[in-house]
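The structure under discussion appears below in the form of structure tokens.
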Amino acid sequence: MMDVKDIVARFEHIEGQRDNWNNHYQELADYMLPRKADIVKKRSRGEKKMELIFDGTALQSVDLLSSSLHGMLTSGASAWFHLTMKDEELGRDEEVQRWLEDSSQRMMRAFTMSNFETEVHEMYVDLVVFGTGCMFVEMENNTLRFSTRHVSEFYVAEDQFGIVDTVFRKYELSARQAVQRFGIDNVGTFIQRTFKTKPDEEVTILHAVMPRKDRDPSKKDNKNMPFASMYICMETKMIIAESGFQELPYVVPRFLKATGEVMGRSPAMVALPDVKMLNLMSKTIIQAAQKMIDPPLLVPDDGFLLPIRTQPGGLNFYRSGSRDTITPLNTGANIPIGLQMEEQRRQAIRAAFFVDQLLSGTTPNMTATEVIQRQEERMRVIGPVLGRLMNEMLRPLIDRAFALMLRAEMLSVPPEVLQGVDVDIEYVSPLARAQKSSSVNGVIRALEILMPLAQSLPVGDHINPDGLVNYLTESLGVPKKVLKPQSAIDEEREERAAMQQEQMERQMEQEDVATVGQAAQAVRMVGANEQ
């Protein structure tokens with residue numbers, strides 16, 4: 001059993017290293033994600049959180065980029081991954097292909113029937129703003145459950161390869177909820193006493209998940225699994241629940257990561273100076289416009305009866321015979337220059353969030369080549385970031401869901417040939433297809449150039465038809481059930497070859513009969529001539 005004092009000490013050390021990050025996260029949330037601006041500032045529930053925002057460009061850009069990532073990587077409208085085999089020869093086995101196709105469809109249904117769509121969008125928002133997301137994946141009553149954690153709750157550590165393998169989550173829940181979650185006999189005297197006197201008072205819980213050092217691999221119980229899981233009451237430093245996981249239940253992707261840092265960095269961090277400047281400029285321009293529309297008034301210090309009435313139809317009295325009048329104060333503000341500077345800051349913010357690339361769609365007059373070039377430019381700009389998300393988010397997420405469903409017997413029994421063999425993942429999301437489209441277009445352009453040459457050059461000798469069809473269908477994400485199995489193709493080819501052979505033999509027989517008939521006729525004609 002792991003020492004609770006060592007666990008808490010390690011957590012407090014990691015927590016202390018997060019102070020600068022938390023201040024940064026608070027500023028990012030204040031300007032770009034106010035509904036999650038409860039990191040350093042602890043607001044009461046229902047309190048206003050938009051007091052610093054005078055322009056919505058950053059909020060709109062966050063929504064656009066997070067929604068685009070959702071649509072490009074994990075769109076619920078179509079399959080975004082397929083299970084496949086690393087061994088290509090094994091992957092061509094028909095029974096293996098059927099099992100992979102069936103398992104992929106079952107997993108997609110499990111994702112669709114769960115709360116994955118709502119929770120993964122929250123994680124995309126966290127990635128865009130804070131640079132780091134955290135999602136907990138579990139199985140409950142044969143249903144996948146996903147929960148995206150607030151950035152102020154989780155703390156992470158990496159292994160020697162830069163992969164997150166330790167996650168601490170510090171959160172609060174009421175004593176009543178703690179008793180419901182862990183049981184009255186397990187929570188300890190402090191929570192029991194709080195539950196009896198003030199059941200709605202909150203207590204602090206620490207959930208620690210880390211690689212287990214001392215375990216017996218031959219045992220299959222929760223306390224000998226690869227990852228240890230402990231819930232600790234922070235008021236008493238007491239473990240109230242201990243178990244384990246076969247794999248890390250938390251998925252912790254980073255949008256970008258600087259060398260030597262654990263937490264990720266985001267487009268919002270790049271745009272923050274422009275966002276702060278834009279909001280300050282907007283506030284100033286609004287004040288200047290108010291002064292121009294409803295300017296301050298210059299009123300003589302004598303001769304007028306106060307108060308001054310500025311409403312339409314208002315009457316103001318002054319001493320008869322006096323030339324003093326009420327005149328507006330012209331501030332001389334140049335509003336157009338302010339608006340131009342605002343637009344410059346908006347363009348910088350949109351560029352930081354890749355808005356130009358995401359909204360650079362096609363036009364009716366564009367040629368197919370121009371459309372392809374536009375897509376390739378978009379992938380060059382966003383591709384490196386999305387590659388990290390595939391490795392740090394999608395792969396661990398699919399691996400965890402696959403393992404949970406396999407242990408829950410929600411997948412069909414795999415063929416015997418797959419025992420002890422690793423299953424690979426093929427991404428077929430809109431982004432993955434767009435990335436592969438450049439190579440597909442290269443093949444198509446090569447065929448367009450080579451095929452006209454086939455009349456005079458042996459071009460066909462260089463092309464493998466089966467390899468060409470397999471490559472194109474795999475790159476375009478064509479489902480296996482749409483295509484014929486290789487055995488059926490081989491059988492049809494054998495039947496076709498047999499039919500062609502039979503036709504050739506029949507034709508040869510007919511030609512032989514005709515030749516014999518012609519020879520017999522020639523002999524008869526020679527005999528008749530001799531007579």
Side-chain angles (χ1 to χ4, degrees), residues 1-26 28-29 33 35-45 119 122-123 126-127 129-138 145-158 164-183 186-188 190-191 194-195 198 200-212 227-245 248-254 261-264:
M1 182 176 178
M2 305 181 72
D3 189 359
V4 64
K5 293 182 180 179
D6 294 339
I7 296 173
V8 173
R10 185 184 180 192
F11 163 72
E12 291 176 347
H13 175 71
I14 296 176
E15 184 183 30
Q17 295 177 331
R18 272 276 301 270
D19 289 341
N20 290 334
W21 286 106
N22 288 337
N23 292 329
H24 200 176
Y25 292 154
Q26 181 64 54
L28 291 168
L33 196 60
R35 61 186 174 87
K36 291 190 176 184
D38 298 294
I39 301 163
V40 176
K41 300 177 184 178
K42 298 301 180 183
R43 295 181 172 91
S44 57
R45 289 170 181 158
E119 293 300 317
E122 283 300 308
M123 188 159 69
D126 289 346
L127 284 169
V129 177
F130 304 119
T132 308
C134 182
M135 175 185 285
F136 185 73
V137 186
E138 61 184 338
R145 294 298 179 198
F146 303 89
S147 177
T148 299
R149 307 305 191 189
H150 196 282
V151 70
S152 64
E153 293 184 357
F154 65 87
Y155 305 81
V156 300
E158 295 177 333
V164 173
D165 67 343
T166 301
V167 179
F168 295 96
R169 183 195 174 209
K170 182 182 177 182
Y171 63 103
E172 295 179 347
L173 73 169
S174 67
R176 176 173 173 267
Q177 292 172 334
V179 169
Q180 292 174 339
R181 172 69 174 81
F182 304 105
N186 301 322
V187 294
F190 173 78
I191 297 180
T194 305
F195 171 65
K198 299 178 180 179
D200 294 321
E201 184 172 329
E202 292 184 337
V203 296
T204 304
I205 303 296
L206 176 67
H207 184 208
V209 179
M210 62 188 68
R212 195 187 296 275
F227 287 90
S229 171
M230 283 156 288
Y231 288 88
I232 301 171
C233 175
M234 293 300 289
E235 283 80 4
T236 61
K237 304 299 187 292
M238 168 188 169
I239 296 179
I240 59 179
E242 181 178 2
S243 61
F245 296 100
L248 186 67
Y250 287 100
V251 178
V252 187
R254 279 77 59 92
E261 294 181 345
V262 177
M263 304 302 288

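Numbers here simply count residues along the sequence, with the first being 1.
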Measure across [X] and [Y] and return the closest heavy-atom pair with its distance rounded to 0.1 Å.
X	Y	result
Gly264	Thr132	N-OG1, 2.7 Å
Pro253	Leu127	O-CD2, 3.4 Å
Asn22	Val40	O-CG2, 3.5 Å
Val187	Ala178	CG1-O, 3.7 Å
Arg10	Ala157	NH2-CB, 3.8 Å
Val209	Pro249	CG1-CD, 3.8 Å

Drop me the distance from [X]'s [atom1] to [Y]'s [atom2], to the nearest 0.5 angstrom.
X	Y	atom1	atom2	result
Lys41	Ser152	NZ	OG	14.5 Å
Lys237	Leu206	NZ	CG	9.5 Å
Ile7	Met230	CD1	CE	3.5 Å
Ile205	Ile240	CD1	CD1	4.0 Å
Asp126	Tyr25	CG	OH	10.0 Å
Phe182	Ile239	CZ	CD1	12.0 Å

- prompt: Parallel, tilted or perpendicular: which describes the rings of His207 and Tyr231, with under 30° parallel and over 60° perpendicular?
  reply: parallel
query: Using the ring of each side chain (for Trp, its six-membered ring), is Phe130 parallel, tilted or perpendicular to His150, with breaks at 30° and 60°?
result: tilted
- prompt: Any cation-pi pair here, Arg149 with Tyr250, using under 6.0 Å and within 45°?
  reply: no
message: side-chain contact (heavy atoms from CB on, under 4.5 Å) for Arg212 and Phe227? Distances and angles first, verdict last.
response: CA-CA 5 Å; Arg212 195 187 296 275; Phe227 287 90; over 6 Å; no
Criterion side-chain contact (heavy atoms from CB on, under 4.5 Å) on Lys36 and Val151, from CA distance to verdict: CA-CA 9 Å; Lys36 291 190 176 184; Val151 70; over 6 Å; no
field: Donor-acceptor pair, side chain of Glu119 and main chain of Thr148, under 3.5 angstrom
entry: yes
Has [X] got more than 12 heavy atoms of other residues, nucleotides or ligands less than 6.0 Å from its [atom1]?
X	atom1	value
Asp19	CG	yes
Lys42	NZ	yes
Arg176	CZ	no
Lys198	NZ	no

task: Check the pair Lys170, Thr204 against side-chain contact (heavy atoms from CB on, under 4.5 Å), reporting the backbone distance first and the verdict last.
output: CA-CA 7 Å; Lys170 182 182 177 182; Thr204 304; 3.7 Å; yes
message: Counting C-beta onward and ignoring hydrogens, is there a side-chain heavy-atom pair between Val8 and Met234 closer than 4.5 Å?
response: yes
query: Can we say Glu158 and Arg254 salt-bridge, meaning some charged N sits less than 4.0 Å from an Asp/Glu carboxylate O?
result: yes
task: Could you tell me whether Glu153 and Arg169 make a salt bridge, using a distance below 4.0 angstrom between a side-chain N and a carboxylate O?
output: yes
- prompt: Checking side-chain contact (heavy atoms from CB on, under 4.5 Å) for the pair Phe168/Met210: CA distance, chi angles, key distance, verdict?
  reply: CA-CA 8 Å; Phe168 295 96; Met210 62 188 68; 3.6 Å; yes
